[in-house]
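Comments concern the structure below.
Scope of the values below: all heavy atoms of this structure, side chains included, with no hydrogens, waters or symmetry mates.
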Amino acid sequence: MSLFDTRTVFLLCGAMGGLMALVLYSLKRNYPPSIKGLGEWSGALLTLFLSGVLIAGRGHVPDLLSISLANLLFFLGLYWAYVGTQRFFGLTPRHGRWAAVLVLITLAHLWFTFGALSQFARLLIVNVMGAVFTGTHAWLVYRQKPLSLSRGLTAGSLAAAALLQVIRVILALTQSMTDNIMASSVTHQIYAVGFAFSVLLLSIGLILMASDMLRSELEQLATRDSLTDALTRRHWNMLCESELQRCKRSGRSMAVLALDLDHFKAVNDTFGHQAGDKVLIAFVANVNAFLRQNDHLGRFGGEEFSLLLPETSLEQAKLVAERIRMDLAQSKLSPSCTVSIGVTTSQGGDDTLDSILARADAAMYRAKATGRNRVETS
């Protein structure tokens, strides 16, 4: 009994996979280079497409192409997709072990095709190894937290593909089956459609994962300074304004610190801008070490920073400022640098963000005027 033409299913799903490969390749060309793995994903889907085309030609093209080469491309496609996901998540692929596995299973498949002919053995090789590749890939995606919709779809499609192959192995062990996917068997046809549909869902999941990563990159660019990873001025102002409104409702106070590195222009002029960049990066890292989870450091200009300390009194804020000042003054950072800090707190219901920043700046300039490497309050 035949439910539908399996060749047509393979060709249609293969064509859709090929189109998805083109989409991923286009994303690779247009997305920032920091998003890795898109090229491998594109190559994997294209390889699986070619494998499907060769499988659909079974009975019309030589077995070396429709069986041996088709299954080799099938394994390579699954592995290539796994490598792409490793690179996407910032992991370093280890090719040696997998390359050895690919060589061994290819040789075994060739032997059972042209040596000791055994369709049953070929079926076991293809589906056991396919389940291993897709199952390992699914576990890799599932382990990346948080598990978003895109990652859940990707992991689920891979797990479904692995499950289909496990079921096919079980049926092969309990029933008389061949590895000819083009046979009129309903079991073969259901497997073919299910696996092809899983690959289609996988390609959609990969595209969604890439889109999620791009959105995260754009959010990072919008909220974080690209050099120091401090907050941008716009985002810091937004957080500070929100905290000020909360203070007005609760009657509590918040502290704002204006920080300016002393003689920073001389550092750039004497040692070069790369040395100056290292000073800025080290300074932000050292300041962050003193902060609580809800404190926020923003970069306002070249060497100008502002620090928000929610629910903090003037005396508490001054202690934090002194610790920051002393840490920089005593550090072994080369070239050495010091910081002048102005400290203020919110003052009642009529206070605004502009007035708070003006007081913090005035205190900071007073610290500059009275010798630098000081903390002044306002």
Side-chain angles (χ1 to χ4, degrees), residues 218-265 279-281 283-329 337-378:
L218 293 176
E219 289 175 353
Q220 178 78 5
L221 289 174
T223 60
R224 294 282 178 177
D225 173 58
S226 59
L227 175 65
T228 64
D229 201 40
L231 297 177
T232 60
R233 180 169 186 165
R234 178 177 178 274
H235 191 59
W236 187 91
N237 282 343
M238 182 183 71
L239 293 174
C240 198
E241 188 67 57
S242 176
E243 182 61 26
L244 179 59
Q245 296 305 316
R246 195 175 73 87
C247 288
K248 290 180 179 180
R249 292 192 301 269
S250 64
R252 297 177 180 178
S253 67
M254 68 180 196
V256 170
L257 281 62
L259 307 93
D260 191 278
L261 296 178
D262 299 324
H263 301 299
F264 187 73
K265 184 177 184 301
V279 169
L280 293 173
I281 294 169
F283 172 70
V284 169
N286 289 347
V287 171
N288 283 331
F290 290 103
L291 303 185
R292 301 164 300 183
Q293 184 176 359
N294 293 329
D295 299 337
H296 301 290
L297 178 65
R299 186 182 181 190
F300 272 35
E303 71 276 17
E304 300 172 5
F305 297 86
S306 289
L307 176 58
L308 168 64
L309 303 176
E311 298 188 14
T312 304
S313 67
L314 187 62
E315 287 302 316
Q316 291 170 330
K318 186 177 180 181
L319 289 175
V320 173
E322 283 289 354
R323 283 199 290 267
I324 293 172
R325 183 196 64 78
M326 290 179 61
D327 178 75
L328 184 60
C337 198
T338 59
V339 63
S340 297
I341 305 175
V343 182
T344 191
T345 56
S346 56
Q347 298 175 359
D350 296 331
D351 217 355
T352 65
L353 178 57
D354 287 341
S355 61
I356 293 173
L357 290 174
R359 291 198 302 272
D361 280 342
M364 183 268 293
Y365 283 119
R366 196 160 58 248
K368 292 277 192 186
T370 53
R372 293 184 170 84
N373 190 25
R374 292 173 56 85
V375 174
E376 292 286 342
T377 61
S378 175

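By the 6.0 Å contact criterion, CE on M238 is enclosed, its count of non-hydrogen atoms from other residues, nucleotides or ligands being greater than 12. Shown here is R252, whose CZ atom has no more than 12 heavy atoms of other residues, nucleotides or ligands within 6.0 Å.
In this structure, CG on L307 lies 10.0 Å from CG on L231, to the nearest 0.5 angstrom. With rounding to the nearest 0.5 angstrom, the OG1 atom of T223 is 8.5 Å from the CG atom of D229. Taking CD1 from I281 and CG from N286, the interatomic distance works out to 12.0 Å, rounded to the nearest 0.5 Å. Rounding to the nearest 0.5 Å gives a distance of 12.5 Å between OG1 of T377 and CD1 of I341. Between the CG atom in N237 and the CG atom in L308 there is a gap of 10.5 Å [rounded to 0.5 Å].
In this view, K265 and D269 satisfy the salt bridge (charged side-chain N to carboxylate O under 4.0 Å, His left out) rule, not counting sequence neighbours. With sequence neighbours excluded, no residue satisfies side-chain hydrogen bond (donor to acceptor under 3.5 Å, both in side chains) with E219. Applying the side-chain hydrogen bond (donor to acceptor under 3.5 Å, both in side chains) criterion to S226, with sequence neighbours excluded, gives no partner residue. Evaluation of the side-chain hydrogen bond (donor to acceptor under 3.5 Å, both in side chains) rule for N294 yields no partner, not counting sequence neighbours. Residues forming a salt bridge (charged side-chain N to carboxylate O under 4.0 Å, His left out) with D361 (at least two apart in sequence, or on another chain): none. Residues meeting the side-chain hydrogen bond (donor to acceptor under 3.5 Å, both in side chains) test with S313, sequence neighbours left out: Q316. For F264, there are no ring pair (Phe, Tyr, Trp, His ring centres under 6.0 Å) partners, not counting sequence neighbours.
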Give the intermediate values and the outcome of side-chain contact (heavy atoms from CB on, under 4.5 Å) for residues L309 and L257.
CA-CA 8 Å; L309 303 176; L257 281 62; 3.8 Å; yes
Please determine whether side-chain contact (heavy atoms from CB on, under 4.5 Å) holds for the pair T228 and F283, giving the CA-CA distance in whole Å, both sets of side-chain angles, and the decisive distance to 0.1 Å.
CA-CA 9 Å; T228 64; F283 172 70; over 6 Å; no
Working note: D295 + F290, criterion side-chain contact (heavy atoms from CB on, under 4.5 Å); need CA distance, chi angles, decisive distance, verdict.
CA-CA 9 Å; D295 299 337; F290 290 103; over 6 Å; no
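Judged by distance alone, the side chain of T344 and the main-chain N or O of I356 form no donor-acceptor pair under 3.5 Å. Under a 3.5 Å cut-off, the side chain of S346 and the backbone N or O of M254 do form a donor-acceptor pair. At distances below 3.5 Å, at least one donor-acceptor pair connects side-chain atoms of T312 with backbone N or O atoms of P310.
Proximity of L261 to L328: side-chain heavy atoms (C-beta onward) are separated by under 4.5 Å at one or more points.
Under the salt bridge (charged side-chain N to carboxylate O under 4.0 Å, His left out) criterion, the residue pairs touching residues 231-246 are E243-R246, R246-E311, with sequence neighbours excluded. Here ring-ring contact (aromatic ring centres under 6.0 Å, His included) pairs that include residues 229-251, with residues two or more places apart or in two chains, are W236-F300. For the salt bridge (charged side-chain N to carboxylate O under 4.0 Å, His left out) condition, the pairs that include at least one residue of residues 342-356, sequence neighbours left out, are D351-R359. Evaluation of the side-chain hydrogen bond (donor to acceptor under 3.5 Å, both in side chains) test over residues 298-309, restricted to residues two or more places apart or in two chains, returns D225-R299.
When all heavy atoms of S378 and A363 are compared, the closest pair comes out as CB-CB, 3.9 Å. Of all heavy-atom pairs spanning T345 and Q347, the tightest one is O-CG, 3.4 Å. Shown here for K368 and D260, the closest heavy-atom pair between the two residues is NZ-OD1, 2.7 Å. A222 approaches T232 most closely through the heavy-atom pair O-OG1, 3.2 Å.
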Please list every donor-acceptor pair under 3.5 Å in which a side-chain atom of residues 317-324 meets a protein atom from a residue at least two apart or in another chain.
residue : atom : partner : partner atom : Å
E322    : OE1  : R325    : NE           : 3.0
E322    : OE1  : R325    : NH2          : 3.2

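For the residue pair D262 and S340, a side-chain donor N or O sits within less than 3.5 Å of a side-chain acceptor on the partner.
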